[in-house]
Amino acid sequence: MQRTSQHGNWSSRAAFILAAVGSAVGLGNIWKFPYEAGQGGGAAFVAIYLLCVFAVGVPVMIAELSLGRRGRGSPPKSLELVATDEGQSKAWSGVGWIGTIGAFLVLSFYSVIGGWTLYYVLTSAMGGLENITADASGALFNGFLADSWGLIGWHIAFMAITIFIVARGIQGGLEKAVTFLMPALFVLLVGLAIYSVTTGDGAAAIKFLFAPDFSKVNADVVLQALGQAFFSLSLALGTMLAYGAYLPEDVSIPRSSLIIAGADTGVALLAGLVIFPIVFAYGLEAGAGPGLIFVTLPIAFGQMVGGQIVGTLFFVLLAIAAVTSSISLLEPVVSWLEEHRGFKRPIAAITAGGAIFTVGLGTVFSFNHWAEVKFFGRTVFDNLDFLTNNIMMPLGGLLMVVFVGWFVSRKSMRSELHTITDGQFNIWYAMARYICPIALIIIFLSVIGVF
Ligand code: PHE
């Protein structure tokens, strides 16, 4: 059944790819991936990550984009419509709800961290990192986190940018923003990688990222790699359902998914080639954890010639990556408000953004006033991260592949994925029916502590 989207459409395949790559490439690639690789033994983590991306992530992305395009509504609506077409229970809309609520919660903390990137752009540009010592860099970051009003201000700024773009609609807002920001991101990333590999310790970085040491691999590393693959590919949070809903009928979803996953992985590796040569050249700690970007790297920027410019450009890169992802997190919520509350887009964007901002205060306070307030032994921020990354994403992904693999007819899926050969379709179908559900069930059970 052919439907039209009330929310707008991408003007071309290229526009969609830019937007989807923009969504996928974010803090996950530049902030999380390098530190997780750093802690997970470098190349061994990278190898498992690649397997997770292509064996599980891509088939799930194909499923998610297909469901979005068939339903052409907000995530819950699309799922409901497809379920009705297929004579299945409307309760499948719950999968869209997991996505929409997940996007809401993720954006609430994503925006806080997005605010950090803006603060670091300004600090670096004003020379605040010049000659900074390791202690001073740690103190700068901790001082920033302790200042709740400062964090709130930057959180507002980041959310305002996100709302502004989404309020202007698919073509006038999202598409325009990515057409301008993605090429900028690419130029910055490649430029910084060349600079870093040639002036820093490129050889050590390449060895670290590409020579695997499988002795470091254990079940936790595998779990983390899969979680990271889902997060980095923007899966199971309604984003790809929403972006798929605006997709022209003739665009090949499997091909697009491979391009998006390839670009996302390429950016993560390039980000590693920006960061690690500098880390090694300055004798810093590659396994420094979440502070790698905000604490460790500034020490190097503070010492290198032209560090003020390089550091500023690096944080601009990070901010751009964060914005093109945050707009894709707001979109599922906004599309739902447009449909179900009849809000005009700007009102929907402000309402959703305002509510998400407010929930984000919980994350802001996790770093200061509420640092000691723990539920299940975790701060509010850690709980949100755990709930979305470890529970909602694997569960949402699992339900989605089970739905397309077992509840939607094979014929419907074949007609949606009409551009590939029968052989290619069969491979995808087997992955969606068997491989992905089994992998996700194992992950899910181990997260909830069954083994
Ligand atoms: N993929 C984004 C990143 O890597 C985060 C994200 C997740 C965006 C899910 C949208 C949906 O930072």
Side-chain angles (χ1 to χ4, degrees), residues 16-37 49 52-53 57-58 60-61 64-65 68 74-75 96 98-117 158-159 162 165-166 174 177-178 181-182 185 189 224-245 257 260-272 290 293 317-335 352 356 384-385 387-397 400:
F16 160 70
I17 299 258
L18 278 183
V21 172
S23 169
V25 169
L27 295 169
N29 303 60
I30 305 175
W31 174 56
K32 260 186 155 177
F33 177 83
Y35 84 69
E36 290 194 336
Y49 176 77
C52 293
V53 165
V58 169
V60 173
M61 187 183 290
E64 189 166 351
L65 288 170
S74 66
I98 296 179
T100 308
I101 295 170
F104 185 107
L105 296 176
V106 167
L107 184 53
S108 79
F109 62 80
Y110 205 85
S111 169
V112 175
I113 300 171
W116 301 359
T117 68
F158 188 85
M159 192 55 100
T162 307
I165 297 173
V166 174
L174 300 161
V178 296
L181 292 174
M182 292 312 288
L185 180 140
L189 185 69
Q224 197 168 15
L226 191 94
Q228 172 61 12
F230 259 60
F231 185 79
S232 191
L233 294 173
S234 299
L235 296 179
L237 283 186
T239 288
M240 292 299 166
L241 286 171
Y243 277 19
S257 302
I260 298 163
D264 186 62
T265 308
V267 170
L269 292 173
L270 269 178
I293 296 295
L317 166 75
L318 199 58
I320 292 178
V323 167
T324 55
S325 297
S326 69
I327 55 180
S328 76
L329 286 163
L330 189 55
E331 182 59 32
V333 188
V334 166
S335 66
I356 294 169
L384 285 174
D385 186 33
L387 175 68
T388 49
N389 218 347
N390 295 6
I391 298 183
M392 296 177 87
M393 293 179 104
L395 185 63
M400 207 134 43

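The basis for the numbers below is simple: all heavy atoms, side chains too, and nothing from hydrogens, waters or symmetry mates. Atoms within each ligand, like the ligands themselves, are counted from 1 in listed order.
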Quiz item: Are the side chain of Q228 and the backbone of G28 linked by a donor-acceptor contact shorter than 3.5 Å?
Solution: yes

Quiz item: Hey, are S234 and S23 close enough side-chain-wise for a donor-acceptor pair under 3.5 Å?
Solution: yes

Quiz item: So, the side chain of S74 versus the backbone of V334: is there a donor-acceptor pair under 3.5 Å, distance only?
Solution: no

Quiz item: Can you pull the residues with any heavy atom under 4.0 Å from ligand 1?
Solution: S23, A24, G26, L27, G28, N29, Y110, F231, S232, S234, L237, T239, S325, S328, L329

Exercise. Please state whether the rings of Y110 and F231 are parallel, tilted or perpendicular, taking 30° and 60° as the class boundaries.
Key: tilted

Exercise. Could you tell me whether a side-chain N or O of S111 sits under 3.5 Å from a main-chain N or O of S108, the two making a donor and an acceptor?
Key: no

Quiz prompt | N390 (side chain) donor-acceptor with L387 (main chain) under 3.5 angstrom | solution = no

